[in-house]
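Here is the structure we will look at, set down as structure tokens.
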Protein chains: 2
Amino acid sequence: MYDPHIEIVESNLKEIKKTFGCLVSVDCVIFGYDHSSLKVLVINCNQEPFVGKYSVLGDLVHTHETMDEAIKRVLSQRAGLEDIYMEEVKVFSSLDRHPMDRVITIAYYSLVKIDEYKLVDAQNKDLKWIEISEAKDMAFDHEAIVKASHKRLQDRIKEKPVGFNLLPEKFTLNQLQLLYENILGITLDKRNFRRKLNNNNLVIDLGEVQDDVSHRPAKLYKFDFDSYQKMKKRGQFSFII
Amino acid sequence: MYDPHIEIVESNLKEIKKTFGCLVSVDCVIFGYDHSSLKVLVINCNQEPFVGKYSVLGDLVHTHETMDEAIKRVLSQRAGLEDIYMEEVKVFSSLDRHPMDRVITIAYYSLVKIDEYKLVDAQNKDLKWIEISEAKDMAFDHEAIVKASHKRLQDRIKEKPVGFNLLPEKFTLNQLQLLYENILGITLDKRNFRRKLNNNNLVIDLGEVQDDVSHRPAKLYKFDFDSYQKMKKRGQFSFII
DNA sequence: CCAAAAGTGTTCTGCGTACACCCATGG
DNA sequence: CCATGGGTGTACGCAGAACACTTTTGG
């Protein structure tokens, strides 16, 4: 019987590469939150036949870099983003997902504090934040990539405090609650939400208040990273909202 | 400024493939459960410098197949497995993970009803079930791949009833409980475990009993797939043990 | 003083958890 | 009748969910 298993050995390496070599890319769905809705960072695609459609940021993976390095390079060089939260979502491998050649892509999503981020756009002039709901009819299979990433973010935020990566260092509890409501598409009870935060020691009262609002200013808080680390270590942490 | 973004267009496709083409493989961690412990299906590696070490089943992805097709091909051709549960785990992309060339691999795990599976080994003579604890010092980075897959299974089984894929169609409640205890490495309370199953309508009493035991025979149950589907549809399903 | 949003407590219900004894069968 | 595992119910505490009014500030 034919042995379908291919062994990579010196003698047939060149032949193997010719036969099996394919292109691998990373695509990163960058989420931002502007205090009213969840946004995705996109670019106008300039590859036929998708010219004019939106695309998320991505690039081919170089032969000398890991996925992690590739995605960091894309975030840094193409969006000026450093040290931001990111997570692998899944692999997209349809044969026809790229019109020019077979390109396997690994999707990631990232979370950006949109207030602290000015669009860095050295390479091109059309980086743009769009609403999740606008992420339709995108280039390649990027609509599916955005959908899968959004779903992953929704799942993740229910069990880990990743949402803080979308807010400024100092935030009000209402801002935090609205973030959850927007991402999950649900409404939450203010008192229950706050009690849960307090029970978990997840936020620290900074003793400061808002100073630019025309009504009673809200207290400002920050995420209690140390407390979260401790809770993770001893026993399990639950943040299912 | 240098634009690091590579566009794949007809004119430079060949050059791009030469520069960026790399090898992609799938590796599948196949879990089985033999009524006492969780097992992994491995093979003796025959590639230097790992000859004699264990490896999980994997293969290069062909240019004309998706990941899904590749993993199904590996499961079918190399282990005779068809239509089994599987899930993508994550990408492994260290530059030195394969000694011969840069190979990016996508790890999957699968669940097999070990009782109903006779080792099909047409291609080679050394398919073997080993204990999780024996999955050390494996070929390539397969120890890390097994660890990550095991962790994923542990996470998944807490929220979805995937464990039934490891048991025969008919099983006793004690067998089910032991499965959970073995996979999670914890002990569970018998009465609480059973109450939760009943509350969720997850199992159906078949009205049959064991007939090969030298003590009071236990009732046999099967997984209630329809009930699970209904529960998933209306509202959320929780199976956190 | 009015508008706007901030902030705060209680009750009820259901679920997780801890826990121990009798039952049915084969040998 | 004995050994072996099979099977069952209760009490407690905590956490989620529902729910409405008072407070503080700016204008």
Side-chain angles (χ1 to χ4, degrees), chain A residues 35-36 157-161 167-168 170-182 184-222 227 231 234-241, chain B residues 35-36 157-159 161 167-168 170-182 184-222 231 234-241:
Chain A
H35 292 282
S36 69
I157 206 173
K158 280 189 259 186
E159 56 179 28
K160 284 189 183 169
L167 289 176
K170 303 176 180 186
F171 51 84
T172 70
L173 297 187
N174 264 337
Q175 286 167 354
L176 183 60
Q177 182 179 339
L178 281 166
L179 173 71
Y180 274 83
E181 293 182 334
N182 269 299
L184 295 173
I186 56 176
T187 59
L188 297 165
D189 182 89
K190 183 158 58 164
R191 282 169 288 193
N192 294 338
F193 183 77
R194 286 164 187 237
R195 179 173 37 252
K196 204 174 301 191
L197 286 172
N198 281 327
N199 287 349
N200 292 353
N201 293 312
L202 271 178
V203 291
I204 298 174
D205 185 340
L206 289 168
E208 304 173 46
V209 293
Q210 290 177 307
D211 64 353
D212 53 352
V213 289
S214 71
H215 54 76
R216 174 176 177 180
K219 289 195 212 173
L220 293 172
Y221 293 81
K222 68 170 182 178
S227 166
M231 288 180 53
R234 54 150 203 277
Q236 52 273 59
F237 171 74
S238 84
F239 196 52
I240 300 171
I241 296 215
Chain B
H35 292 282
S36 69
I157 206 173
K158 281 189 260 187
E159 56 179 29
L167 290 177
K170 303 176 180 185
F171 51 84
T172 69
L173 297 187
N174 265 337
Q175 286 167 353
L176 183 60
Q177 182 178 339
L178 280 165
L179 173 72
Y180 273 83
E181 293 182 335
N182 269 299
L184 295 173
I186 57 177
T187 59
L188 296 166
D189 182 271
K190 184 158 59 166
R191 281 170 289 193
N192 296 337
F193 183 77
R194 286 162 187 239
R195 180 175 33 255
K196 205 176 297 189
L197 286 172
N198 279 327
N199 287 348
N200 292 352
N201 293 313
L202 270 178
V203 291
I204 299 174
D205 185 341
L206 289 168
E208 304 173 46
V209 292
Q210 290 176 307
D211 62 353
D212 53 352
V213 290
S214 70
H215 54 76
R216 174 176 177 180
K219 289 196 214 173
L220 293 173
Y221 294 81
K222 67 171 183 176
M231 288 181 55
R234 56 150 198 278
Q236 52 273 61
F237 171 74
S238 84
F239 197 52
I240 300 171
I241 296 219

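Residue numbers begin at 1 in each chain, while the letters A, B, ... track the order of the sequences. Owing to the predicted nature of the structure, the values given are computational and were not obtained by experimental measurement. Note: hydrogens, waters and symmetry copies are ignored here, and every other heavy atom, side chains too, is used.
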Could you check whether any side-chain N or O of [X] sits under 3.5 Å from a backbone N or O of [Y], counting only pairs where one atom can act as donor and the other as acceptor?
X       : Y       : result
S227(A) : N201(A) : yes
Q175(B) : L167(B) : no
D205(B) : G207(B) : yes
E208(A) : K219(A) : no
Q177(B) : F193(B) : no
D189(B) : R191(B) : yes

Polar-atom pairs under 3.5 Å, protein N or O versus N or O of nucleotides 10-15 of chain D: list them with distances, or write none.
residue	atom	partner	partner atom	Å
dT10(D)	O4	R195(B)	NH1	3.2

For this session: Please step through side chain to side chain donor-acceptor pair (under 3.5 Å) for the pair N192(A) and R195(A), ending with a clear verdict.
Result: CA-CA 5 Å; N192(A) 294 338; R195(A) 179 173 37 252; 2.5 Å; yes
[atom1] of [X] versus [atom2] of [N]: gap in Å, rounded?
X       : N       : atom1 : atom2 : value
K219(B) : dC23(C) : NZ    : P     : 15 Å
Q177(A) : dA5(C)  : CD    : P     : 14 Å
L188(A) : dC19(D) : CG    : P     : 15 Å
D212(B) : dT4(D)  : CG    : P     : 18 Å
R194(B) : dT17(C) : CZ    : P     : 17 Å
F171(A) : dA6(C)  : CZ    : C1'   : 16 Å
Y221(A) : dA6(C)  : OH    : P     : 11 Å
F193(A) : dG16(D) : CZ    : P     : 13 Å

Problem set entry | Option passing side-chain contact (heavy atoms from CB on, under 4.5 Å) with R194(A) (candidates N199(A), N174(A), L176(A)) |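 Filter result, single survivor: N174(A).
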Exercise. Knowing that exactly one of V203(A), N198(A), L202(A) qualifies, which makes a side-chain contact (heavy atoms from CB on, under 4.5 Å) with N200(A)?
Worked result: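 Per the side-chain contact (heavy atoms from CB on, under 4.5 Å) rule, the option paired with N200(A) is L202(A), out of V203(A), N198(A), L202(A).
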Exercise. Just by protein heavy atoms under 4.0 Å, how would nucleotides 20-27 of chain D read 5' to 3' in B, S and -?
Worked result: B--BBBSS
For this session: Assign each of D189(B) and T172(B) to its nearest nucleotide of DNA chain D by heavy atoms, then name whichever residue's nucleotide is nearer the 5' end.
Result: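 Per heavy-atom nearest nucleotide, the more 5' residue is T172(B).
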